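Both counts, for ligands and for their atoms, begin at 1 and track the order of listing. Keep in mind that what you see is a predicted model, and the values were worked out from it rather than measured. In this chain, residues are counted from 1 in sequence order.
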Amino acid sequence: MVTTVRSLGLQGISGYEVTVECFLSGGLPAFDVVGLGDTAVKEARERVRAAIKNCGAKFPVSRITVNLAPANLKKEGTVYDLPLLLGILAGEGEIDAPASDAAFIGELSLTGALRPISGVLPMAMAAVRAGVKTLYVPAANAAEATLADGLTVYGVETAPQLLSHLRGEKKLSPAARWEPAAETDAVPDFADVMGQENVKRALEIAAAGSHNVLLIGSPGAGKSMLARRLPSILPDMTHDEALESTEIWSVAGLTDSKHPLLTQRPFRAPHHTLSAAAMSGGGRALSPGEISLAHHGVLFLDEFPEFHRDVLESLRAPLEDGEVTITRAAGSVTLPSRFMLVGAMNPCRCGWYGHPSGRCRCSQKDVEKYVSKISGPLLDRMDLQVSVPSVEFEAMRRREKAESSAAVRERVNAARDIQKRRFAGTKVTCNAYMSAPMVGEFCRLDEAGEKLLKGAFDRLGLTARSHDKLLRVARTIADLDGSERIEVHHLAEAIQYRNTDILRGEG
Ligand SMILES: Nc1ncnc2c1ncn2[C@@H]1O[C@H](COP(=O)(O)OP(=O)(O)O)[C@@H](O)[C@H]1O
Ligand SMILES: [Mg+2]
Ligand SMILES: [Zn+2]
C-alpha cells in the first residue's frame, strides 16, 4: 500500500508542494528515496531510522521505497525527514495516514527531536496556495509559519509528541499568530550629527525616492556616521514588502523565533573583502547574497573603491533590473534584489585630496586612478553624488542638537505616500524605479526647466541613463516639497548632485 504525506520544498525563494509517497513491500529490507534528492535528502534515511527507533516504534523490516513528487524538481535539505517518518509509520500501521489537508516539514535529530529549518515562510505561503489547512513545523519555526494567512500551525518539539497528537492521545495547541512587539531597538539618530546639512538633505531625498547615493570625503568627515543613520529615516515598510524581504531572510536562515518578520527595512553593510558569490548569492545550498538580503532596503558599501572590481561590476545588472539570476548546478534561480545603494569613499588613496589642510600628496593622475576604480557605468548609477566636507571647528564646538531623525522621517513618509498614490495599480513603488515611459509622463518640465536640463546635459556630459535618473531625483525633490509640478529649483537641486568636483577631476 502507498501512503502519501504532503510536504513542501523550496526553489530559490519560492515554495512548492511536494508529495512524499511511501511504499512498503515484501522482499529484502531496503530503504530507497527517489525523486531527485540531494545528499541531505539521501541522509534523511539514517536520521529517520534512528528517530523511529528512539521514539519507541519499530522500524519496519520491509522494502521501503519513497518517491518525492514532482520527481523532476531537485529536492534539497532536511525538511523531508518529518513526512518520511510519518509515511513509514503510517505504512506500518502505527498511525493513521495523515489528513489530506495537512502538510509536514521538519528536520529530525537522531533522538527524534525536531530541529529548526530555513525557508519556512515561503513554504508556508506555498502551502496556503496548495489548499493546505494545517501545517506542522518544528517548534522554533512556528511563529514564522503563522505569518502566512489562513493556516493552522502546529509547532512540534519531538516526533513522539506529534505521534500522540495524531493518535488523539494528547492534543497539541495551535501556535498563536505572531504579532510584532512595539519597536524598542534604538537606531542611531541624525540628531548626533553636527552641521552637514547638505549631506543630510541628500540622504533625505535618497530615502524618499530610494535613490542611490555616493558620499565622498576625507577620513573622519563623517561619511560612515551619516550613512549608518540612514535606517532611522527610511520610509515605513508595507506589509507586502516586509513579507517579501522576510522570505529571502528566511531562506538565508536569518530569521529567528523572536523576530520572524522584518519590521524595518534591511540595512546591509558587508565588508569590502567579500566575494562575488557572497554579494550576488549562490552556493550548493542556495544562499541569497547581500544584494538580495538588502531587498526593499539599503546596501551600504563603505570604502567603496576597495571592493573587488568584479564584485562592484556585478551590481550593475541588479541595480537596473531589481533582481539577480544565479546559475548553480541545481539549475538557475532568480531572486529579487531591489535595493538602494549607498557608497562611501575617500577622494584619493591617502584620503586628503581637497582637504583644507593641504595634506594630500597624490598627483592628479593618482587621484584619477583612484576614482576610476568606480567604473563609469557604475558611477552613472549613483543618482546623488555628494561631497562630505570636514565639519568646521565652530560647528563641532556648538554641540547643539540637530533635527531629529523622526522629523525627517515624517517628511520622507509623506513623500512616499504621494508616490504610492502616483503608482497605484503598478508594480512600481517609488520614483527611483519609474520606467522610461513613466518618467515621460510624471516628470514634465516647463520651458525654463527644459533649458536648464539642456545646459546641464551638454556641460556635464550626461548619458541617456543619467538624464532619466536626474528627472527621477527631481521628481522626488518636488514630492518632498508637496509640489505637483517639477519647478526649476527642484531640477537645479537634482543637477547639483551630479556635479561633484572630485568626480569631474577638478577638485
Ligand atoms: N558632523 C559630525 N558631528 C559629530 N561627530 C562627527 C561628525 N563628523 C564626524 N564625527 C565624529 O568623527 C568620527 C569619525 O567619523 P566617520 O563617520 O567614521 O568618518 P569617515 O567615515 O568619513 O571616515 C565619528 O564617529 C564621530 O564621532
Ligand atoms: Mg568611514
Ligand atoms: Zn591624496
Does a salt bridge link [X] with [Y], judged by any charged N lying under 4.0 Å from a carboxylate O?
X: Glu487; Y: Arg485; result: yes
X: Lys200; Y: Glu403; result: no
X: Glu368; Y: Lys365; result: no
X: Arg475; Y: Asp479; result: yes
X: Glu493; Y: Arg201; result: yes

Open item on the list: What count do you get for protein N, O or S atoms closer to the Zn ion (ligand 3) than 2.8 Å?
Closed with: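 Count of protein N, O, S atoms less than 2.8 Å from the Zn ion (ligand 3): 4.
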- [ ] Please assess Arg361 against Trp352 for the test side-chain contact (heavy atoms from CB on, under 4.5 Å), listing each intermediate value before the final yes or no.
- [x] CA-CA 8 Å; Arg361 292 280 165 267; Trp352 300 102; over 6 Å; no
[X] to ligand 1, any heavy atom closer than 4.0 Å:
X: Asp192; answer: yes
X: Gly220; answer: yes
X: Ala221; answer: yes
X: Ser390; answer: no

If you round to the nearest 0.5 Å, how far is [atom2] of [Y] from [atom1] of [X]?
X: Ser337; Y: Leu293; atom1: OG; atom2: CG; result: 10.5 Å
X: Met382; Y: Leu214; atom1: CE; atom2: CG; result: 5.0 Å
X: His467; Y: Lys454; atom1: NE2; atom2: NZ; result: 11.0 Å

- [ ] Check each of Lys200, Met194, Met225 against atom 5 (N) of ligand 1 and report the one with the nearest heavy atom.
- [x]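 Of the listed residues, Met225 has the closest heavy atom.
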Open item on the list: A side-chain contact here means heavy atoms from C-beta on lying under 4.5 Å apart; do Leu262 and His296 qualify?
Closed with: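 Sidechains of His296 and Leu262: no contact.
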Open item on the list: Between Arg115 and Thr78, is there a side-chain heavy-atom distance shorter than 4.5 Å?
Closed with: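 The answer is no, as the side chains (C-beta and beyond) never meet within the 4.5 Å cut-off.
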Task: Contact check: Lys223 vs ligand 1, nitrogen or oxygen atoms, below 3.5 angstrom - done: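 Yes, there is a polar N/O contact under 3.5 Å.
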Open item on the list: Val193 versus ligand 1: do any nitrogen or oxygen atoms come within less than 3.5 Å of each other?
Closed with: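 No, Val193 has no N/O under 3.5 Å of an N/O on ligand 1.
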- [ ] Report the residues that fulfil side chain to side chain contact (heavy atoms under 4.5 Å, CB included) with Ala278, sequence neighbours left out, ordered by chain and then residue number.
- [x]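 Scan of Ala278 (side chain to side chain contact (heavy atoms under 4.5 Å, CB included), adjacent residues dropped) gives Leu274, Ser275.
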- [ ] Please identify which atoms of ligand 1 are closer than 4.0 Å to at least one heavy atom of Pro219.
- [x]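 Under 4.0 Å from Pro219, ligand 1 has these atoms: 23 (O).
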Task: Residue Ser218 vicinity, atoms of ligand 1 by number, heavy atom under 4.0 Å - done: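 By the 4.0 Å cutoff, the relevant atoms are 22 (O).
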Open item on the list: For Glu313 and Ser375: C-alpha separation, side-chain torsions, deciding distance, then whether side chain to side chain donor-acceptor pair (under 3.5 Å) applies.
Closed with: CA-CA 8 Å; Glu313 292 309 300; Ser375 72; 2.9 Å; yes
Open item on the list: The criterion is ring-ring contact (aromatic ring centres under 6.0 Å, His included); which residues satisfy it with Phe423, sequence neighbours excluded?
Closed with: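 Once residues adjacent in sequence are excluded, the partners of Phe423 under the ring-ring contact (aromatic ring centres under 6.0 Å, His included) criterion are Phe442.
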Task: Of the protein N/O/S atoms, how many lie under 2.8 Å from the Mg ion (ligand 2) - done: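 The number of such protein atoms is 1.
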TODO: Have a look at ligand 1 and work out which part of Ala344, if any, has a heavy atom under 4.0 Å from it: side chain, backbone, both or neither.
DONE: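 No part of Ala344 is near ligand 1 at this cut-off.
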